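All figures in this text were calculated on a predicted structure; none of them were measured in a lab. In listed order, ligands and their atoms are each counted from 1.
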Amino acid sequence: MKPMSLPELMAADRQHVWHPYAAMPNAQPMFAVKSAQGVWLELEDGRRLVDGVSSWWTCIHGYGHPRLNRAAQAQIAQMSHVMFGGLTHQPGVQLAQKLVAMTPEPLQTVFFSDSGSVAVEVAMKLAVQYWHNRGQPQKHKFLTLRRGYHGDTFAAMSVCDPVNGMHHLFGDRLVPQFFAEAPQIPFHGTWDEADIHSFEQLLKNHSDEIAAALFEPIVQNAGGMRFYHPEYLRRAEQLCRDHNVLLILDEIATGFGRSGELFGCNHAGISPDIMCVGKALTGGFISLAATLTTRQLSETFAQGEAGVFMHGPTFMANPLACAVALENLELLESYDWRGTVQRIEAQLRAELEPCRALAGVKDVRVLGAIAVVELEHPIDLAVVQPQFVERGVWLRPFGRLIYTMPPYIIEPSALRQITQAIQEVVAGLVP
Ligand SMILES: *Cc1c(COP(=O)(O)O)cnc(C)c1O
């Protein structure tokens with residue numbers, strides 16, 4: 001690769017390259033990154049930014065962690081990829097064992113895939129095929145929550161919030177699902193049984209068509225950064241059992257300590273039938289996701305019409321990704337991650353709570369290493385993004401939300417730089 005000049009790079013980017021949720025040519029502000037180390041992004045123009053979003057919540061141990069780099073190099077020396085059909089390998093098997101050990105006990109089998117959206121597709125296919133295996137093929141729909149986000153492929157989209165996800169654009173290409181009202185009682189609020197009413201009604205009326213309930217536990221992430229009450233999760237689990245519907249929890253964002261527990265479901269002491277993980281799984285090193293299931297579910301497939309589960313990605317259980325993920329999870333277990341996340345939580349709360357008094361601020365909320373300043377009005381990213389960059393901070397607000405999900409390795413001084421920038425930028429946003 002020959003290096004391009006910065007103007008050349010930016011011009012070619014505008015001309016040829018799509019970015020996430022962008023138009024062509026891209027109208028959003030764009031910054032070229034040269035390298036990343038620890039919690040810092042180094043831009044091509046030499047500026048350094050502290051990454052307050054962990055590259056979309058993935059790099060929990062920062063960039064270029066020596067242990068992850070060493071694990072990757074060692075694995076590359078062995079093999080970076082082989083197919084998984086008919087072949088198996090140490091990184092895939094050991095990572096599966098590790099995931100089974102970390103997650104609630106009933107989850108015993110692991111299906112690897114390349115991205116979170118695909119892990120959700122796999123979960124949905126598993127649930128539909130499970131009921132087919134059991135002679136109840138009419139149970140093929142899903143019950144989900146408004147304000148959820150589960151990815152951008154068609155089946156995953158069908159369970160995303162219909163308004164945020166602009167479902168109307170896709171017409172009848174999108175399978176209609178059942179949407180319960182989003183939980184309203186906040187994580188630290190007082191539980192009220194009315195919060196689960198809409199979920200319960202839908203189950204009562206449609207459980208003969210529903211394969212599974214599928215939603216994000218405790219934290220609704222990209223659909224609104226909302227933290228809801230653990231009792232909702234306990235009640236939802238019980239209702240699913242009572243109505244003979246599977247429970248799928250999408251832990252892609254909450255997994256691996258982010259909300260203060262290892263998984264969102266640990267806040268409620270419950271266990272799903274199917275769990276999706278991704279994002280922080282490889283510490284942001286490389287794309288990998290997984291769908292875990294109970295043995296009770298997986299054991300029905302041999303007797304079904306197909307005799308197998310009808311899915312098998314080309315790059316399934318990529319050894320390089322699995323080796324890095326395994327090292328990342330061993331790294332997570334090697335220090336007091338819980339205490340670390342608690343310290344981040346305390347600092348975020350202390351330093352962002354003053355934002356509540358600023359004009360235009362609707363709410364300030366913190367859970368684990370997640371902090372959100374919710375505004376009264378939507379933010380203009382083209383205005384706000386450069387304001388953060390000028391303050392040496394990388395954040396990616398959306399809608400009415402400015403949030404941070406920093407790497408767990410962040411020092412108090414760098415975290416302070418993020419919260420200071422949020423305060424200053426919010427204070428300057430007078431409508
Ligand atoms: C990011 C995310 C996904 C999609 O993951 P991709 O890797 O972007 O496909 C699914 N569910 C949740 C909860 C997520 O946060």
Side-chain angles (χ1 to χ4, degrees), residues 18-22 53-60 103 111-127 142 144-162 164-165 177 179 182-183 212-228 233 236 247-259 261-267 272 274-292 311 313 315-318 321-322 324-325 328 367-370 372 396-399 401 403-405:
W18 286 96
H19 284 267
Y21 284 93
V53 274
S54 303
S55 272
W56 273 335
W57 330 339
T58 60
C59 64
I60 54 176
T103 52
F111 190 101
F112 289 111
S113 57
D114 339 82
S115 75
S117 302
V118 176
V120 171
E121 299 276 331
V122 165
M124 294 172 81
K125 285 176 69 174
L126 278 166
F142 292 87
T144 186
L145 308 182
R146 290 190 185 272
R147 309 297 294 271
Y149 177 79
H150 300 284
D152 291 342
T153 52
F154 271 94
M157 267 174 79
S158 77
V159 284
C160 291
D161 184 89
N164 287 341
Q177 313 287 12
F179 286 90
L214 189 176
F215 51 93
E216 296 153 283
I218 301 298
V219 184
Q220 291 193 293
N221 298 274
M225 295 288 166
R226 307 169 79 251
F227 313 141
Y228 66 84
L233 210 47
L247 176 61
I248 304 174
L249 291 181
D250 179 349
E251 297 262 13
I252 291 165
T254 41
F256 311 110
R258 179 56 71 179
S259 70
E261 291 285 348
L262 205 43
F263 295 95
C265 65
N266 297 138
H267 285 286
I274 303 178
M275 180 193 280
C276 302
V277 294
K279 286 211 161 85
L281 176 56
T282 65
F285 199 100
I286 193 168
S287 185
L288 183 69
T291 308
L292 286 86
H311 205 99
F315 284 94
M316 187 169 183
N318 171 260
C322 288
V324 174
N328 179 53
L367 183 69
I370 314 172
V372 187
R396 189 76 178 160
F398 65 93
L401 306 173
Y403 74 93
T404 179
M405 288 167 90

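If you check the side chains of His267 and Ser259, you find a donor sitting under 3.5 Å from an acceptor.
Nearest non-hydrogen protein atom to atom 11 (N) of ligand 1 is Asp250 OD2, 2.6 Å. Atom 5 (O) of ligand 1 has as its closest protein heavy atom Gly116 CA, 3.2 Å. Of the protein's non-hydrogen atoms, Lys279 NZ, 2.9 Å is the one closest to atom 14 (C) of ligand 1. Considering only non-hydrogen protein atoms, atom 8 (O) of ligand 1 sits nearest to Ser117 OG, 4.4 Å.
Applying side-chain contact (heavy atoms from CB on, under 4.5 Å) to Leu367 and the options Ile218, Val372, Thr254 leaves one that passes, Ile218.
Within the listing of ligand 1, atoms 13 (C) sit less than 4.0 angstrom from a heavy atom of Glu216. Below 4.0 Å from some heavy atom of Ala253 lie the following atoms of ligand 1, by number and element: 15 (O). Of all the atoms in ligand 1, the ones that sit under 4.0 Å from a non-hydrogen atom of Gly151 are 4 (C), 10 (C).
Every side chain to side chain donor-acceptor pair (under 3.5 Å) that Ser158 has, sequence neighbours left out, goes to Gln177. Residues passing the side chain to side chain donor-acceptor pair (under 3.5 Å) test with Asp152 are Tyr21, Tyr149, sequence neighbours excluded.
Counting only heavy atoms from C-beta outward, the side chains of Leu214 and Leu249 never approach each other to under 4.5 Å.
Only the side chain of Trp57 comes within 4.0 Å of ligand 1, counting heavy atoms alone; its backbone N, CA, C and O stay farther away.
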Do Thr58 and Lys279 pass the side chain to side chain contact (heavy atoms under 4.5 Å, CB included) test, and can you show the C-alpha distance, the side-chain angles, and the key distance before you say yes or no?
CA-CA 5 Å; Thr58 60; Lys279 286 211 161 85; 4.1 Å; yes

